[in-house]
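Accompanying notes for the structure given below.
Just so it is clear, the structure is predicted and the values come from calculations on it, not from any experiment.
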Amino acid sequence: MAVQRIRAFDDPVLRAVARPVTAFDKELRGLVKSLTLTMRQGAGRAGLAAPQLGVQARVVVFDYDGRAGHLVNPRLELSERTIVADEACLSAPGLWWPLERSFGVTARGRDMYGKPVTVRAIGTLARVLQHEVDHLDGVLFVDRLADDERDRFMEMAR
């Protein structure tokens, strides 16, 4: 699999809800590998979701602080504790914005072979997982900003 182009912030594919994966086959394994290769190109890339490559499948990959992996059909359990920190998106490169997210998550899903996977994360990795799962639901992090902040972000993103 090759490195692919990441869809830009204004691409309508990023607004669609991704479909659950039902076939744990060679095609899915290829997608996970392609997502991982694409994510790892360049600095600061900690996660990527299949819709960012134009694929409407519920698959995310992550690699942060020595913890790397992927989740198929992920579900998140969020901690009540929240924290505000800068967040960015590979679909809007170079723009960082403060955003409140849960400090911790438990992510449950499957691996590319269909085996159950659980990832417990705090801090930045928890933020990465929340951000990528949002992509699967057609949600961009700018959607979580207050109206005035969203307007400022969109002005800068143009």
Side-chain angles (χ1 to χ4, degrees), residues 1-76 78 84-102 105 107-113 117 119 121 123-145 149-158:
M1 295 271 38
V3 171
Q4 296 186 35
R5 180 182 65 84
I6 295 172
R7 301 295 178 105
F9 209 69
D10 58 353
D11 190 318
V13 74
L14 296 178
R15 292 300 188 171
V17 175
R19 293 180 301 276
V21 172
T22 57
F24 293 83
D25 56 12
K26 184 177 180 179
E27 184 177 335
L28 174 63
R29 290 188 294 280
L31 173 61
V32 169
K33 290 175 185 172
S34 186
L35 281 164
T36 302
L37 286 171
T38 303
M39 172 189 61
R40 289 183 174 157
Q41 293 299 304
R45 296 180 176 201
L48 192 64
Q52 290 179 278
L53 299 186
V55 179
Q56 290 303 324
R58 297 190 72 79
V59 180
V60 301
V61 296
F62 59 91
D63 188 350
Y64 182 78
D65 201 25
R67 293 185 67 191
H70 65 278
L71 289 163
V72 179
N73 299 329
R75 298 170 323 281
L76 299 182
L78 305 175
V84 175
D86 282 347
E87 192 162 320
C89 183
L90 294 175
S91 293
L95 294 176
W96 292 81
W97 220 265
L99 180 65
E100 184 175 27
R101 293 263 193 194
S102 290
V105 303
R108 299 180 198 285
R110 303 268 173 192
D111 70 9
M112 66 179 122
Y113 301 101
V117 175
V119 178
T124 302
L125 182 55
R127 177 174 298 276
V128 167
L129 293 171
Q130 291 170 79
H131 179 104
E132 300 311 332
V133 170
D134 271 356
H135 275 300
L136 302 181
D137 295 326
V139 175
L140 301 174
F141 84 93
V142 68
D143 299 336
R144 297 190 177 279
L145 299 175
E149 291 294 306
R150 184 179 315 108
D151 292 343
R152 285 184 42 221
F153 178 91
M154 293 308 287
E155 189 62 35
M156 292 177 72
R158 290 173 217 227

On a heavy-atom basis, which atom in G47 and which in L90 lie closest, and how many Å separate them? O-CD1, 3.5 Å
Are the side chains of L129 and L71 in touch, meaning some heavy atoms are under 4.5 Å apart? yes
Once you round to the nearest 0.5 Å, how far does CZ of R144 lie from CG of D134? 4.0 Å
What are the two closest heavy atoms between V72 and L28, and how far apart are they? CG2-CD2, 4.2 Å
Is any side-chain heavy atom of D137 closer than 4.5 Å to one of R58? yes
Does any non-hydrogen side-chain atom of R127 lie less than 4.5 Å from one of L99? yes
Side chain R45, main chain R40, donor-acceptor under 3.5 Å: no
NE2 (H131) and OG1 (T124) are apart, to the nearest 0.5 Å, by 13.0 Å
Please name the pair of heavy atoms, one in V128 and one in A46, separated by the smallest distance, quoted to 0.1 Å. CG1-O, 3.5 Å
I want to check something: taking the side chain as every heavy atom from C-beta on, are H70 and T36 in contact at a cut-off of under 4.5 Å? no
Inter-residue atom distance E132.CD - C89.SG, 0.5 Å rounding: 7.0 Å
Across all chains, not counting sequence neighbours, the ring-ring contact (aromatic ring centres under 6.0 Å, His included) partners of F62 are none
Flag side-chain contact, heavy atom, 4.5 Å: D65 against L125: no
If only side-chain N and O atoms count, and only distance matters, is there a donor-acceptor pair under 3.5 Å linking Q52 with S91? yes
Heavy-atom donor-acceptor pair, Q41 side chain to V3 backbone, under 3.5 Å: no
Is the backbone of S34 close enough, under 3.5 Å, to the side chain of T38 for a donor and an acceptor to pair up by distance? yes
Less than 4.0 angstrom from a charged side-chain N to a carboxylate O is my criterion; do R152 and E155 meet it? no
Check: residues 6-14 side-chain donor-acceptor pairs under 3.5 Å, at least two apart:
residue : atom : partner : partner atom : Å
R7      : NH1  : D11     : OD2          : 3.1
D11     : OD1  : V13     : N            : 2.9

Would you check if L48 and L53 make a side-chain contact, meaning some heavy-atom pair closer than 4.5 Å? yes
If every non-hydrogen atom of R67 is compared with every non-hydrogen atom of V119, which pair is closest and at what distance? NH2-CG1, 3.5 Å
Provide the closest heavy-atom pair for V117 versus R110 in the form atom of the first, atom of the second, distance. CG2-C, 3.8 Å
Measure the CD-CZ distance between Q56 and R19 for me, rounded to the nearest 0.5 Å. 6.0 Å
Nearest non-hydrogen partners of P51 and L136, listed with the distance: CD-CD2, 3.7 Å
From CZ (R15) to CG (L140), nearest 0.5 Å: 4.0 Å
State the CD-CG distance between E149 and D151, to the nearest 0.5 angstrom. 9.5 Å
